[in-house]
Amino acid sequence: MNLLLQAFLDALFLELTQEGPPDLAGLQGGAVPYALAAVLSRDGVRHGVLTSTEEAADRLQEQLDCLLGESAAPARLPVPDDDPYDGLPGHAALQ
């Protein structure tokens, strides 16, 4: 990561945490990868990020790989093949 990008992410992290832990809910569009990169680049802890679709996960992974480098971006886990509850009867009280 170059120094200019790191300085930007550091400033963004300070802005996001002025009033406590960062709250990234509601961010849209291009703000999401930058806000995530700001948080992920600071604490040295590996994180997981959930997305609504596989396409969104692919796009976000590419953006974070670009911003943070592949070694620092969150690991991409495959989508489960099957619903773990598929075939199990529902709870009797809910039927």
Side-chain angles (χ1 to χ4, degrees):
M1 178 181 324
N2 69 44
L3 294 177
L4 184 60
L5 178 58
Q6 186 61 56
F8 172 75
L9 293 178
D10 289 344
L12 180 57
F13 181 81
L14 293 175
E15 183 68 29
L16 289 170
T17 57
Q18 273 185 340
E19 298 176 12
D23 182 6
L24 307 183
L27 292 179
Q28 297 179 0
V32 174
Y34 283 99
L36 280 173
V39 172
L40 297 174
S41 68
R42 290 292 293 218
D43 59 13
V45 175
R46 298 290 288 186
H47 294 272
V49 178
L50 297 176
T51 61
S52 58
T53 65
E54 193 164 355
E55 292 80 21
D58 291 339
R59 188 172 49 253
L60 185 59
Q61 183 71 47
E62 288 176 13
Q63 293 166 330
L64 291 175
D65 285 348
C66 181
L67 291 170
L68 298 172
E70 290 182 22
S71 62
R76 176 79 158 72
L77 301 176
V79 176
D81 290 337
D82 295 314
D83 180 356
Y85 301 106
D86 192 29
L88 295 176
H91 192 279
L94 299 176
Q95 295 184 8

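Each residue takes its place number in the sequence, starting with 1.
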Participant: Taking all non-hydrogen atoms of both residues, which atom of Pro33 and which atom of Leu67 are closest, and how far apart?
Facilitator: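 It is O-CD1, 3.6 Å.
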
Participant: When you compare the side chain of Leu36 with that of Leu60, does any pair of heavy atoms fall below 4.5 Å?
Facilitator: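 Sidechains of Leu36 and Leu60: in contact.
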
Participant: Under the salt bridge (Lys or Arg N to Asp or Glu O under 4.0 Å) rule, collect the residues that match up with Asp23, sequence neighbours excluded.
Facilitator: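 In terms of salt bridge (Lys or Arg N to Asp or Glu O under 4.0 Å), with neighbours along the sequence ignored, Asp23 is linked to no residue.
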
Participant: Contact between Leu24 and Val32 at the side-chain level, heavy atoms closer than 4.5 Å - yes or no?
Facilitator: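 Leu24 does not reach Val32 side chain to side chain.
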
Participant: Run the side-chain donor-acceptor check on residues 7-21: report pairs under 3.5 Å with partners two or more places apart or on a different chain.
Facilitator:
unit_1	atom_1	unit_2	atom_2	d
Asp10	OD1	Gln6	NE2	2.7
Asp10	OD1	Arg42	NH1	3.4
Thr17	OG1	Phe13	O	2.8

Participant: Just verifying a value: how many Å separate Arg59 CZ and Thr53 OG1, rounded to the nearest 0.5 Å?
Facilitator: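 If we round to the nearest 0.5 Å, Arg59:CZ and Thr53:OG1 are 6.5 Å apart.
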
Participant: Residues two or more places apart in sequence or in another chain: which of them pass salt bridge (Lys or Arg N to Asp or Glu O under 4.0 Å) with Asp58?
Facilitator: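 Testing Asp58 for salt bridge (Lys or Arg N to Asp or Glu O under 4.0 Å), a comparison that skips the adjacent residues, returns Arg76.
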
